[in-house]
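As structure tokens, the structure follows; a few thoughts come after it.
Note that the structure is a prediction, hence the values are computed from the model and not measured. Computed over heavy atoms, backbone and side chain alike; hydrogens, waters and symmetry mates excluded.
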Amino acid sequence: MSLLNIAATNATLGVLGGLPLMAAGSDPQLFAAGQTFIQTPPPGLSNYLQLPEHGFYLPDHNLWQNGSLKYFCATAHFSYGNVANGAAPPGSVGGNSPMAPAGTIKALPRGGAILMTSEGWVQFGVPMWTNKDSLALYQEASDREIRPEDIPFIVPTKYIFDLDYVDATDGLIPADFVQYMHFVTQGMTMQLVAPDAATAQRLEQYLNLSYRGPDRDHMAALVKAEYSPTAVGIPDLAAEMRSFDGVEPEALRQISAFSEKNIVRLGGLIISRRGRQQYTVHDGRNTYQLDLGDPKRFPLMRHRSDHRALKPNVMLVSLLNKLMDAGRPALVPIGTGHGFCHDEETSGFMLWNQGRAVIIDPPSSTLKFLSEHDMPLETIAGIILTHGHSDHYGNAIPQLLQALPDITVYTTPVIYDMLRELYNLAVGSELADLAQWDFVPLYPQQRASILGMSIEVDYSFHSIPTIGFDLFAHADDKNPMVYFSGDTNADHQAVRQYTLPATGHDPIMTEARAARIIRHVGGILDPEWKSPIVLIDNGVPPLHTPPQRTRELLDQAQQQAITTQGRVFSYHIAAADAEQYNLPKWQAGPAGYIDLSVYYPELISPSSVRVDKEDA
């Protein structure tokens with residue numbers, strides 16, 4: 001190996017092979033006099049910057065800082081190459097997608113840090129909804145061809161879980177949607193590293209439960225027991241859930257843990273934990289250190305809210321007057337996106353009546369939403385939980401448990417038990433035990449009282465036990481005033497195929513069951529059963545209703561001169577998808593306020609003494 005010394009000067013930082021090296025940054029002292037260049041790299045070395053025309057190589061971590069080039073050669077081109085085999089790594093300079101130099105460290109918007117290594121990005125610290133940061137990175141690169149080998153250099157595929165770094169209410173919950181990155185990144189398996197073997201075991205149990213649900217045969221029997229003898233379309237939930245089975249859990253993610261000596265190997269990387277939130281990464285001959293505990297460099301985004309907060313103005317005062325003073329029945333969405341919308345809040349909304357509210361599937365920003373909109377905590381009477389996918393419960397429940405110890409939680413017994421187990425595995429029963437709340441069980445096709453109205457739930461068609469519901473103004477009403485599909489595949493063209501043996505297996509549902517799943521068709525089109533408000537899930541198929549099917553229903557209604565504007569809303573959908581299919585996406589925040597008293601004025605509290613001027 002031959003070496004060449006560089007002497008620093010004021011005007012230039014040195015001369016390499018007759019070529020001046022200039023500072024691209026503002027601190028020439030970062031490049032010390034006597035810096036050594038490798039003229040002939042030894043066999044096996046990689047991640048060196050090279051001047052191909054002159055045969056000089058420099059370890060890349062000396063040229064780059066925080067993702068920016070510190071030094072450049074004024075007349076020669078530096079390329080990032082692997083000198084061991086002469087080929088540039090995926091995504092390198094000259095490839096189809098950009099790649100930061102090895103050693104680059106970036107802070108993520110929602111928290112955590114990613115480090116570029118010879119095997120791609122490695123993420124340290126996994127906060128709530130970190131998958132949305134990865135999605136943003138992936139979409140930034142989507143304007144060019146993305147090869148499978150490029151993906152680890154575009155988004156992190158290796159995640160180091162540090163429970164000391166994230167909020168206690170996050171725990172392992174973020175891993176749920178991290179594992180689903182598999183479906184975004186062309187089938188790439190995510191590598192998840194737990195702090196220790198015991199946590200790794202909990203992480204695996206948590207992800208398996210979230211992905212496949214409880215033991216299916218046992219669960220199916222419990223679900224059937226929840227229905228009354230007079231119920232119609234009782235589901236075989238085990239058979240229905242199996243119809244969604246795709247890749248095995250091991251294809252989504254591989255789980256490992258730090259050893260008792262605080263070391264873990266990930267391919268060619270050796271990562272050691274050298275202290276609280278401090279890590280060393282050995283990458284061949286390169287060594288990188290990262291202090292995740294530096295709050296200035298790697299701050300957590302707490303209680304993220306993607307909607308625009310309202311200042312105390314006429315609009316906000318009017319909204320609060322209607323909800324809390326006039327006691328109007330209403331719907332107010334907190335978020336209407338899904339877990340793969342990187343720039344939208346996940347779905348969850350509030351049902352108001354008589355000055356109080358029940359929150360359906362509170363998203364992570366719930367407490368912030370209440371604070372920003374001057375909605376006191378004491379107005380929250382309860383929580384309805386529809387199922388155990390983390391975009392519908394997340395870290396909001398532990399936060400609300402701390403803030404509201406005396407409210408009511410509504411769901412079915414099967415879903416309640418599943419959620420309790422999920423929280424026990426993800427954050428611990430000490431922090432998030434739903435038993436702290438007053439549990440009111442909801443049974444399918446049996447009405448229950450809620451905020452002076454009547455609710456009737458039923459199981460939807462989903463990969464784990466999930467409910468939607470009909471909301472009635474009065475207990476004996478035939479037609480609901482609100483139909484909420486919940487997460488479901490309610491494709492009215494495809495669902496009936498599951499009642500036929502021609503699909504290659506025994507039917508998984510009866511005709512009556514299929515009719516229950518797609519009853520929103522009647523809510524939109526049938527004059528005898530027309531529901532004033534229809535909220536239909538249009539998330540990512542096949543777990544959700546394809547957006548084009550809802551578009552077809554709306555077109556059919558238009559052809560029949562049936563008005564759907566202002567009463568049918570697409571929910572749990574990305575704004576871009578709603579725009580593509582010309583669907584009426586339910587707007588998050590006060591802009592999505594739906595006043596149910598327009599249809600049922602008798603529900604307004606007679607004790608109301610204040611009336612907003614615009615409603616007088």
Side-chain angles (χ1 to χ4, degrees), residues 109-110 129 131-146 155 177 180-181 183-185 304-310 331-349 360-361 363-365 369 389 391-392 468 482-494 520-521 523-525 533-559 562-594:
R110 289 171 173 78
W129 294 118
N131 67 290
K132 296 192 176 190
D133 290 336
S134 291
L135 284 162
L137 293 173
Y138 193 80
Q139 290 184 6
E140 287 175 8
S142 63
D143 60 344
R144 57 182 62 86
E145 179 187 358
I146 299 178
V155 299
F177 266 75
Y180 300 140
M181 285 297 294
F183 300 108
V184 176
T185 56
R304 178 180 176 86
S305 176
D306 292 314
H307 52 77
R308 291 186 178 182
L310 288 176
L331 303 175
V332 178
I334 301 173
T336 59
H338 55 61
F340 294 102
C341 301
H342 74 85
D343 56 354
E344 296 183 59
E345 180 57 280
T346 50
S347 294
F349 62 97
I360 293 89
D361 291 342
S364 295
S365 66
F369 182 93
H389 282 152
D391 55 332
H392 294 272
V482 175
Y483 163 81
F484 171 60
S485 73
D487 279 22
T488 187
N489 180 355
D491 183 337
H492 57 278
Q493 292 187 8
H520 67 289
V521 176
I524 295 174
L525 299 177
I533 301 299
V534 176
L535 307 175
I536 181 68
D537 159 42
N538 287 125
V540 181
L543 293 187
H544 307 272
T545 308
Q548 60 266 35
R549 293 293 176 261
T550 301
R551 181 68 261 163
E552 291 168 4
L553 284 176
L554 297 178
D555 290 342
Q556 187 176 348
Q558 184 177 12
Q559 293 169 4
I562 296 175
T563 300
T564 60
Q565 184 176 1
R567 71 179 192 88
V568 178
F569 297 93
S570 185
Y571 174 81
H572 199 243
I573 186 174
D577 292 335
E579 182 178 0
Q580 178 183 352
Y581 292 99
N582 191 26
L583 291 176
K585 178 178 168 65
W586 197 16
Q587 297 302 304
Y593 168 78
I594 298 175

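Side-chain contact between Leu543 and Asp487 is absent, with no heavy-atom pair separated by less than 4.5 Å. In this structure, the side chains of Thr564 and Gln558 stay at 4.5 Å or more apart for every pair of heavy atoms. Side-chain contact between Glu579 and Lys585 is absent, with no heavy atoms from C-beta onward closer than 4.5 Å. A 4.5 Å side-chain heavy-atom check between Gln139 and Val155 finds every atom pair outside the cut-off. Considering only heavy atoms from C-beta on, Ser134 comes within 4.5 Å of Met181 through its side chain. Looking at Tyr593 and Leu331, their side chains never come closer than 4.5 Å, going by heavy atoms from C-beta outward. The side-chain heavy atoms of Gln580 and Pro547, taken from C-beta on, include no pair separated by under 4.5 Å. Side-chain contact between Phe183 and Phe340: absent, with no pair of heavy atoms (C-beta onward) separated by less than 4.5 Å.
Below 30°, between 30° and 60°, or above 60°: for His338 and His572 the angle between ring planes is above 60°, a perpendicular geometry. Ring geometry, Tyr571 versus Trp586: the interplanar angle falls from 30° to 60°, so the pair is classed tilted.
From Arg549, atom CZ reaches atom NE2 of His492 across 6.5 Å, with rounding to the nearest 0.5 Å. Here the CD1 atom belonging to Ile146 is positioned 10.0 Å from the OG1 atom belonging to Thr185, to the nearest 0.5 angstrom. Rounded to the nearest 0.5 angstrom, Leu525 CG and Gln559 CD are separated by 10.0 Å. Once rounded to the nearest 0.5 Å, the distance linking CG of Leu535 with CZ of Phe484 reads 7.0 Å. Atom CD in Glu344 sits 9.0 Å away from atom CD1 in Ile573 (nearest 0.5 Å).
The shortest heavy-atom contact between Asp537 and Thr545 is O-CB, 3.1 Å. Closest of all the heavy-atom pairs between Tyr581 and Arg551 is O-CD, 2.8 Å. Closest approach of Gly523 and Arg567 over heavy atoms only: O-NH1, 3.3 Å. The shortest non-hydrogen separation linking Ser364 to Trp129 is OG-NE1, 3.2 Å. Shown here for Lys132 and His342, the closest heavy-atom pair between the two residues is O-CB, 3.1 Å. For the pair Pro584 and Leu554, the tightest heavy-atom approach, listed with the atom from each and the gap, is CD-CD1, 3.6 Å.
Crowding of Glu552 atom CD: a count of heavy atoms from other residues, nucleotides or ligands under 6.0 Å exceeding 12.
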Open item on the list: Applying side chain to side chain contact (heavy atoms under 4.5 Å, CB included) to Glu345 and Ser365, what does each step give before you reach the verdict?
Closed with: CA-CA 8 Å; Glu345 180 57 280; Ser365 66; 2.5 Å; yes
Open item on the list: side chain to side chain contact (heavy atoms under 4.5 Å, CB included) for His389 and Tyr180? Distances and angles first, verdict last.
Closed with: CA-CA 11 Å; His389 282 152; Tyr180 300 140; 4.0 Å; yes
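When the options Ile533, Val534, Ile524 are evaluated for a side chain to side chain contact (heavy atoms under 4.5 Å, CB included) with Tyr483, the one that passes is Val534.
Ser570 and Asn538 share a donor-acceptor pair across their side chains, judged by distance under 3.5 Å alone.
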